Amino acid sequence: MFENSKTTEAGRTPRGHGLLPLVGPARAFTSGQIDAWAIWDPYTSQARLRNKARLLVDGTGYVNGYNFQVAGQVALADTAKASAIRDYLTRLQRAKIWANSHQAEWAKVWAKETGLPVEVTLAAAGNRTTTPVPIDDALVASEQEMADAFTAGGLLPGKIVFADFTDRRFNDIVKKDT
């Protein structure tokens, strides 16, 4: 499975793995109950700054780093809701582009809204710049590869077709602002 291969590659012997609620692993990691923790920012920055955790591996070469906004089929079929979704995605894209070039300002807002220390959100903001991209065939193929790997590793109960979960009607938002 993915977790075992990454842990072994990093020179560690896995003691076991499983899914835990987000708060549980943080406590388990800081108390030494688990040796490694697969997380993302801002949690990576928090663990590194507060607990002197070291990054064993990142997702380079294993995951593509994409993240998505999701909406239900009923909302997408409703003209008014689809229009509101379009407005939201437009605003979100602009906010992400702004955050890329205003990391200190973004970190302060992020810290205030989440209660995380500003040094954590500043480190996290520096670690991840977001570039909105359209959903195209290459992106779908990349996601399908990961879905297939999760299925092969027993993390998904059966094959999924990632393309069935995509909607390209909002791609024009990306093209006009990036």
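As the structure is a computational prediction, the values presented were derived from the model and not from experiment.
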What verdict does the side chain to side chain contact (heavy atoms under 4.5 Å, CB included) test give for L139 and E143, after you've listed the backbone C-alpha separation in whole Å, the side-chain angles of each residue and the deciding distance to 0.1 Å? CA-CA 6 Å; L139 181 145; E143 288 296 314; 4.3 Å; yes
Is any side-chain heavy atom of [Y] closer than 4.5 Å to one of [X]?
| X | Y | value |
| --- | --- | --- |
| L76 | K81 | no |
| V109 | E113 | yes |
| K159 | Q144 | yes |

Main chain of [Y], side chain of [X]: is a donor-acceptor contact present, judged purely on distance under 3.5 Å?
| X | Y | result |
| --- | --- | --- |
| Q69 | Y88 | no |
| N171 | P134 | no |
| N51 | A53 | no |
| T151 | G158 | yes |
| Q46 | V120 | no |
| S45 | D41 | no |
| T90 | R86 | yes |
| Q103 | L122 | no |

Would you indicate whether R169, at its atom CZ, is surrounded by more than 12 heavy atoms from other residues, nucleotides or ligands within a distance under 6.0 Å?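 Enclosed: over 12 neighbouring heavy atoms sit under 6.0 Å from CZ of R169.
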If you take all heavy atoms of [X] and [Y], which pair is closest and at what distance?
| X | Y | value |
| --- | --- | --- |
| I39 | A47 | CD1-CB, 4.4 Å |
| R50 | P117 | NH2-CG, 2.8 Å |
| R128 | W110 | NH1-CH2, 4.1 Å |
| L49 | K52 | O-NZ, 3.7 Å |
| A107 | T121 | O-OG1, 2.8 Å |
| T130 | P132 | O-CD, 3.7 Å |

Mind checking whether F68 and F162 have ring centres under 6.0 Å apart?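 For F68 and F162, the ring centres are under 6.0 Å apart.
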Tell me if the aromatic rings of W106 and H102 count as close, with their centers under 6.0 Å from one another.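 So the answer is no for these two rings.
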[X]-[Y] co-clustered via ILVMFWY side chain contacts under 4.5 Å:
| X | Y | value |
| --- | --- | --- |
| I85 | I173 | yes |
| F29 | Y43 | yes |
| L92 | W98 | no |

What's the spacing between T131 OG1 and N100 CG if we round to 0.5 Å?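 Answer for the OG1-CG pair, T131 versus N100, is 6.0 Å.
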Will you find, in the side chains of N64 and S142, an N or O donor that is under 3.5 Å from an N or O acceptor?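 N64 vs S142: donor-acceptor pair found between side chains.
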Any carboxylate oxygen within less than 4.0 angstrom of a Lys/Arg side-chain nitrogen, looking at D137 and R168?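 Salt bridge flag = yes for R168 with D137.
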